[in-house]
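Quick notes on the structure that follows.
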Amino acid sequence: MVKDPICGMEIDEKKAIKLLQDVETYYFCSEACRKKFISGQKTDPHFFDTSGKSIYTCPMHPEIEQNKPGDCPKCGMPLEPKSITDGEEEKNNRELRALLLKFWTGVTFSIPVFLLAMGEMIPGLDLKSIISQKVSNWIQLILATPVVFWAGGIFFVRGWKSILNKSLNMFTLISMGVGTAYVYSAVAVLFPDIFPESLKKHGEIGIYFEAAAVITILVLLGQLLEAKARNRTGHAIKALLGLAAKNAHRLKNGEEEEVAIDDVQKGDLLRVRPGEKIPLDGVLTEGKSTVDESMISGEPIPVVKKEGDIVIGATVNQTGTFVMKTEKIGSETLLSQIVHMVAEAQRSRAPIQKLADQVSGYFVPAVILCAIATFITWSIWGPAPALAYALVNAVAVLIIACPCALGLATPMSIMVGVGRGAQSGILIKNAEAIEKAEKVTHLLIDKTGTLTEGKPKVVSCIAVKGWNDSAFMTLAASLENSSEHPLARAVVDYAKKHNWSLNPVKDFDSVTGGGVKGKVNAKNILLGKKKFIQKAGIDIPEDLKNEASRLHAQAQTVVWVAVDGYMAGLIGIADPIKETTPKAIRALHKMGLKVVMLTGDNQGTAQTIAKELGIDDIRAELEPKDKQDIVKQFKNEEAVVMMAGDGINDAPALAEAQIGVAMGTGTDVAIESAEITLVKGDLNGIVKALYLSRTVMKNIRQNLFFAFIYNTLGVPIAAGVLYPFFGLLLSPIIAGAAMSFSSVSVIGNSLRLRNLKL
C-alpha cells in the first residue's frame with residue numbers, strides 16, 4: 001500500500017495513478033489529485049484547468065509531467081509544454097538562442113584545437129614548426145575546457161541523471177566518452193611524468209582534446225537542430241490562430257459598433273460585409289451570401305448561405321452582407337478545436353534518437369564493465385608500473401568506445417539526405433520524418449488540391465445541333481462575366497483561354513439558387529440549373545438529359561444554357577485530376593502501400609475519382625475531426641500512416657499521422673502541420689520522398705555498423721587480450737586513430753547520398 005501525497009488516502013500501488021517526477025515516483029488515488037500535485041496546488045482540483053500554468057511532458061514518455069521546464073529523467077529529452085502561449089514561445093526562443101551561442105562559441109574554440117591536433121595530416125599546414133608540442137598541448141587544454149564544460153555541460157548533467165535513474169541512454173555514452181577523453185588529456189598535460197616512457201611518442205603522451213571538443217560540438221549541433229524542430233511546433237498553431245478575425249461589427253440597440261472578438265458574447269448579433277472574415281461560429285439570421293469555406297472543407301467551390309444556415313468563424317464572406325447570431329465563442333469554435341487537435345497530435349512525436357539510445361543501453365554498460373575489468377586486471381597482473389598500465393589501457397578502452405562516429409552516424413545521413421531531397425522539391429522539416437517514412441504502410445490522401453488541381457474548370461462543352469462550342473460558350477461566358485457565382489469564373493476563364501471575345505450584357509439578373517439571365521447581342525440568354533431552365537418553359541431534349549446524366553456520373557457539375565427559348569448546350573465543370581496523379585498512384589502501389597482517399601466531397605464524386613485512379617479505399621463527406629479520427633483508427637490497427645493534404649481542414653490529420661505531407665501549393669497551416677512539404681504540389685514527390693527515406697535509413701544502419709565495428713573489434717585489443725600472446729597493446733593513440741577512422745567511414749558513406757537518383 002502507498003499513500004496519496006495530496007489527500008493522504010492509502011491505495012494499492014498496482015491500481016494507483018503513477019507520476020514519475022524528479023527521479024521520484026508518486027502514486028495518486030485519482031486524476032484530480034495528480035493534477036493538483038503537478039500544479040503545486042492543494043485546493044480546488046478545477047484550479048489546474050484554469051490556472052494558465054504550463055505543464056511540461058516528454059514526447060517519448062507522456063507519463064512524465066511537471067510544472068516547470070527540464071529534461072526527461074528516462075531519455076534525457078527536453079520536456080515540451082502541453083499548450084503553446086506567447087510566454088512559452090519566448091522561453092523557447094531564449095533556449096534556442098542560448099544553444100546557438102554555445103554552438104558557435106564552441107565551434108570558434110574547437111577549430112584551433114582541431115588544427116593543432118590534426119594539422120600534420122593537412123598538406124601544407126605544419127604548425128609544429130611554429131608551436132612546440134608542449135605549448136600546443138596547453139593551448140588545446142585552455143580552449144577545449146570551455147567547450148567541454150560550458151558548451152557541453154548539459155550533456156554531463158543528462159548523463160549523470162541517466163545513471164541516477166538507471167536509464168542509460170545516448171547522453172550516458174556522450175558524457176562518458178567526452179569526459180574520459182578530456183580528463184585523460186588534462187592529466188597528460190598537467191602530470192606527464194606519471195606515464196611510462198614506452199607509451200610516449202617522441203617523448204610526449206598523446207592527448208585527445210580535439211576528440212572531446214569535436215564530439216561536444218557535433219552533439220550540440222544535433223541538439224540545436226532538435227530545438228529548432230521543437231520551436232517550429234508552435235508555428236502551425238500560430239498560423240491557425242492568425243486566421244481568426246480580430247474584430248467584429250456588433251449590432252446593439254439598433255446601432256452598429258466595432259468590438260474586439262474577445263468582447264463578443266453568445267447571442268450577440270454581428271454584421272458581416274463582403275470580403276470580411278466571419279468572426280465566430282453562429283447562424284445566419286438576415287440576408288444571404290456565398291462563403292468561401294475551403295479552409296474548413298477543403299473544397300474550392302464557395303457555399304451559398306441563407307437564413308438559418310450555419311456559418312463558421314474565420315471563413316470568408318464573398319458576395320453579400322448578412323447578420324449572424326453568435327453561438328460559439330472561445331475554445332468552443334471549430335477553429336479553436338482544430339488548434340487543439342493540432343497541438344495534441346504534435347506532442348505525440350517520437351525522436352529519431354531512439355535507435356541510438358537502445359543500442360547505447362546495451363553498449364554503455366558493456367564498455368564500462370570492460371574498462372573496469374581492464375583496470376583491475378592490469379593493476380594486479382600487469383608489469384611495473386602496473387597502475388600506469390592499468391590506467392592507460394582502461395582509458396584506451398573508453399576512448400575507442402567514444403561515440404564520435406555514433407554522433408555522426410545519423411546527423412550526416414540526415415543532412416545529406418535532406419539536402420538531396422530539397423534539390424528535388426522535397427522539403428523535410430525534421431529528422432524524425434525520414435525514420436518514420438520508411439515504415440509507412442498506408443497513404444491517406446486528401447482529394448482537392450492533392451489528387452486534383454483544387455480549382456474548378458470547364459472540362460466538358462456539349463452543344464446541341466445547330467450550335468458549336470465557340471458560339472454558345474461565347475454567349476455563356478459573356479453573361480457569366482457579370483455574375484458573382486463561384487462557378488462563373490471557370491466559364492469566363494475557359495473562354496479567355498480560347499481567345500473568344502466577350503460581349504457586353506444588357507438587362508442582367510441573378511436568381512438566387514437558380515441561375516442568371518440577360519441579353520447578349522440582342523439574344524435572350526438563360527444559364528443555370530436544370531430547374532431554372534424548365535421553369536422558364538424551355539423544353540429539354542431527351543438526348544441532352546442523357547448527356548447531363550453522363551456528366552454527373554463523371555463527377556461534373558452541369559450548367560444548362562438556353563438561347564431565345566431553346567437549349568444551346570451544356571457546360572460540365574469539375575475539379576480535374578492532376579496529370580501526374582495516376583502515375584504516382586501506380587508507383588505507390590508498387591512500393592506496397594495501401595492508398596486511401598479522404599474527402600469532404602460527396603460519395604458519388606469520390607467513387608468516380610477512386611475508380612478512375614484505382615484507389616484502394618475511400619472515405620467521403622468528412623469533416624476535419626473525421627479525418628483525424630480515421631488516422632487514429634488506422635494507427636490503432638497498427639498501420640503506419642502517411643497523410644497527404646493541402647488545406648486547413650487537413651491540418652489535424654496531418655499532425656496526427658506518423659508522417660504528414662503537405663502540398664507546397666496549399667495553405668501555410670497545412671505546411672506547418674506536416675513533416676514533409678512537396679514544393680511543386682506533385683504527388684510523385686511522395687514516391688520520391690518514400691524512396692529517399694528508405695535509402696537514407698539504409699545508409700544510417702550502415703553508418704551505425706561503421707560506428708561500432710572498429711570500436712567493437714578494438715575494445716578487446718585495447719583491454720590487452722593479445723598482450724599475453726604477442727606482447728601487443730593498443731595505445732590510446734591507436735585507439736583514437738580507430739575512432740577517427742570510423743568517423744571517416746561514416747562521413748564517406750553518408751556523402752554517397754548526394755548522388756542518389758530520385
Side-chain angles (χ1 to χ4, degrees), residues 156 159-160 162-164 166-209 211-212 215 359-406 705-743:
F156 290 100
W160 178 245
S162 72
I163 295 172
L164 290 179
K166 300 177 183 178
S167 179
L168 302 182
N169 53 47
M170 183 67 181
F171 295 108
T172 319
L173 197 58
I174 292 166
S175 58
M176 182 187 69
V178 171
T180 301
Y182 177 85
V183 171
Y184 172 79
S185 302
V187 171
V189 173
L190 297 172
F191 311 103
D193 295 335
I194 70 171
F195 297 90
E197 289 296 325
S198 60
L199 295 177
K200 294 182 180 180
K201 185 178 181 181
H202 305 303
E204 298 287 344
I205 293 293
I207 59 173
Y208 308 97
F209 289 120
I215 292 169
V359 174
S360 300
Y362 296 100
F363 187 68
V364 174
V367 170
I368 294 173
L369 289 174
C370 186
I372 293 172
T374 299
F375 185 84
I376 293 172
T377 302
W378 280 91
S379 297
I380 298 173
W381 293 289
L387 191 60
Y389 276 99
L391 176 63
V392 170
N393 289 334
V395 167
V397 169
L398 291 174
I399 286 181
I400 203 168
C402 196
C404 186
L406 184 61
F705 172 79
F706 288 130
F708 282 109
I709 187 63
Y710 301 109
N711 309 56
T712 304
L713 294 176
V715 165
I717 300 174
V721 295
L722 298 181
Y723 185 79
F725 309 102
F726 306 103
L728 180 63
L729 285 176
L730 186 64
S731 75
I733 296 174
I734 304 300
M739 181 182 67
S740 299
F741 192 62
S742 65
S743 299

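In what follows, every heavy atom counts, from backbone to side chain, and hydrogens, waters and symmetry copies are set aside.
With a 4.5 Å cut-off on side-chain heavy atoms, F375 and V397 do not count as touching.
Put simply, CG on L369 and OG1 on T374 are 10.5 Å apart, with the number rounded to the nearest 0.5 Å.
Annotation: side-chain contact (heavy atoms from CB on, under 4.5 Å) contacts of F725 (sequence neighbours excluded): none. For V187, the side-chain contact (heavy atoms from CB on, under 4.5 Å) partners are V183, F191, I194, F195, not counting sequence neighbours. Partners of S185 by side-chain contact (heavy atoms from CB on, under 4.5 Å), not counting sequence neighbours, listed by chain and number: I207, Y208, F209.
The six-membered or imidazole ring of W381 lies away from that of Y723, with a centre-to-centre distance of 6.0 Å or more.
V715 approaches C370 most closely through the heavy-atom pair CG1-SG, 3.5 Å.
Crowding of F705 atom CZ: a count of heavy atoms from other residues, nucleotides or ligands under 6.0 Å not exceeding 12.
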